[in-house]
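What follows is a set of notes on a single structure, which appears directly below.
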Amino acid sequence: MEVNVHDIVYLESNQTIKSSETIPNWVLNEKTANTIAVVRRMKTMNHIVPIGFRGANRSERFAAFTTKDSIRKVITAEEATHGVPPISHEGTIEYLRDLFKDIRWGIGGSIGFTMATGIQACTEYSDVDIILYKERFTALQPLQLLHEKIQMSAHPIDVQVEITNLGACMLSELVTSTTVLLRTSTGVLLMDRNRLVSN
């Protein structure tokens with residue numbers, strides 16, 4: 001079974017949650033947590049998977065680990081885009097589906113979690129977290145145009161670009177700054193944009 005960062009995973013049981021810290025009660029009882037986690041970005045070995053749980057409140061977040069053979073179901077961020085959006089975000093999601101129809105993309109955060117699981121984890125004011133998947137960039141202008149169109153959405157949208165075999169950066173940084181923070185499995189790197197985009 002393959003698992004990647006942003007995937008939502010269903011565990012066999014709470015007994016498969018591994019942490020050096022005491023597991024909070026809400027992780028065991030909240031519908032948004034209780035055996036449902038999101039894969040975190042972190043380098044791991046020996047079939048250990050870094051996961052994170054989300055509670056009903058933004059302050060409720062818990063990082064832990066599990067094993068691959070403890071995962072019974074995986075929903076990718078790409079698969080989540082086909083889920084049913086919350087009523088408050090229907091227009092925004094339809095706008096994004098049309099905007100990204102020729103682009104490989106996924107949805108994360110509370111909206112993605114809601115669409116993937118059917119469990120309400122967002123409010124009408126929730127931001128939309130988008131993941132764009134790219135092999136490499138050959139030009140900056142298409143990204144700038146895409147960024148401008150994204151700003152026309154009814155809800156705030158954060159776009160993270162996953163670059164194959166490198167890491168992830170924010171689209172807003174990529175199109176507005178000559179340096180970007182690249183999030184990798186081993187940490188965060190400050191990188192010259194020209195190393196990612198060739199004009």
Side-chain angles (χ1 to χ4, degrees), residues 1-19 23-42 44 47-133 150 153-162 168 171:
M1 178 182 295
E2 183 181 358
V3 292
N4 296 289
V5 62
H6 307 301
D7 286 352
I8 292 175
V9 293
Y10 287 69
L11 309 181
E12 291 290 352
S13 76
N14 283 323
Q15 300 301 313
T16 65
I17 301 171
K18 309 298 181 184
S19 176
I23 300 174
N25 286 332
W26 64 262
V27 170
L28 307 176
N29 299 311
E30 285 280 4
K31 285 194 296 184
T32 53
N34 192 12
T35 73
I36 306 176
V38 180
V39 177
R40 298 182 289 123
R41 189 187 307 279
M42 185 176 180
T44 57
H47 301 287
I48 301 299
V49 180
I51 55 175
F53 294 89
R54 64 183 315 124
N57 303 313
R58 291 181 66 90
S59 60
E60 292 177 332
R61 298 289 185 270
F62 184 71
F65 297 88
T66 194
T67 57
K68 272 191 177 181
D69 58 9
S70 298
I71 297 171
R72 61 182 176 85
K73 180 180 178 182
V74 177
I75 301 176
T76 68
E78 288 181 83
E79 291 170 336
T81 65
H82 302 293
V84 178
I87 294 175
S88 58
H89 288 66
E90 283 181 339
T92 295
I93 298 303
E94 285 307 312
Y95 175 74
L96 294 174
R97 283 171 173 165
D98 184 62
L99 184 62
F100 299 139
K101 61 186 176 184
D102 297 319
I103 301 173
R104 186 182 168 208
W105 69 294
I107 186 166
S110 60
I111 302 296
F113 187 94
T114 299
M115 291 174 63
T117 66
I119 300 172
Q120 188 75 16
C122 59
T123 72
E124 60 183 303
Y125 305 109
S126 293
D127 293 356
V128 182
D129 295 307
I130 296 298
I131 304 105
L132 297 183
Y133 299 93
I150 288 170
S153 168
H155 288 89
I157 298 177
D158 292 321
V159 182
Q160 190 172 118
V161 183
E162 288 282 347
L171 179 63

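Heads up: numbering here begins at 1 and tracks the sequence.
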Closest non-hydrogen atom pair, G55 against R61 | N-NH1, 3.7 Å
Side-chain touch T66/V9, heavy atoms, less than 4.5 angstrom = no
Heavy-atom closest pair, residues R54 and A121 | NE-CB, 4.4 Å
Starting at CH2 of W105, measure out to CD1 of I103 and round the result to the nearest 0.5 Å.
-> 10.0 Å
Working for side chain to side chain contact (heavy atoms under 4.5 Å, CB included), residues V5 and I131 = CA-CA 11 Å; V5 62; I131 304 105; over 6 Å; no
Can you name the closest pair of heavy atoms from V128 and T92 and give their distance?
-> CG2-CG2, 4.1 Å
Nearest heavy-atom neighbours spanning G106 and T81 = CA-CG2, 3.7 Å
Can R104 and E162 be counted as an ion pair, charged N to O under 4.0 angstrom?
-> no
Evaluate the criterion side-chain hydrogen bond (donor to acceptor under 3.5 Å, both in side chains) for residue pair N29 and N34; output intermediate values, then yes/no.
-> CA-CA 6 Å; N29 299 311; N34 192 12; over 6 Å; no
CD of Q120 to CZ of F113, rounded to nearest 0.5 Å, is 11.0 Å
Considering residues, nucleotides and ligands other than N57, do more than 12 of their heavy atoms fall under 6.0 Å from its CG?
-> yes
Give a yes or no on this: more than 12 heavy atoms of other residues, nucleotides or ligands lie within 6.0 Å of atom NZ of K68.
-> yes
Between V39 and N4 the two heavy atoms that sit nearest each other are CB-O, 3.3 Å
If every non-hydrogen atom of A56 is compared with every non-hydrogen atom of T32, which pair is closest and at what distance?
-> N-OG1, 3.8 Å
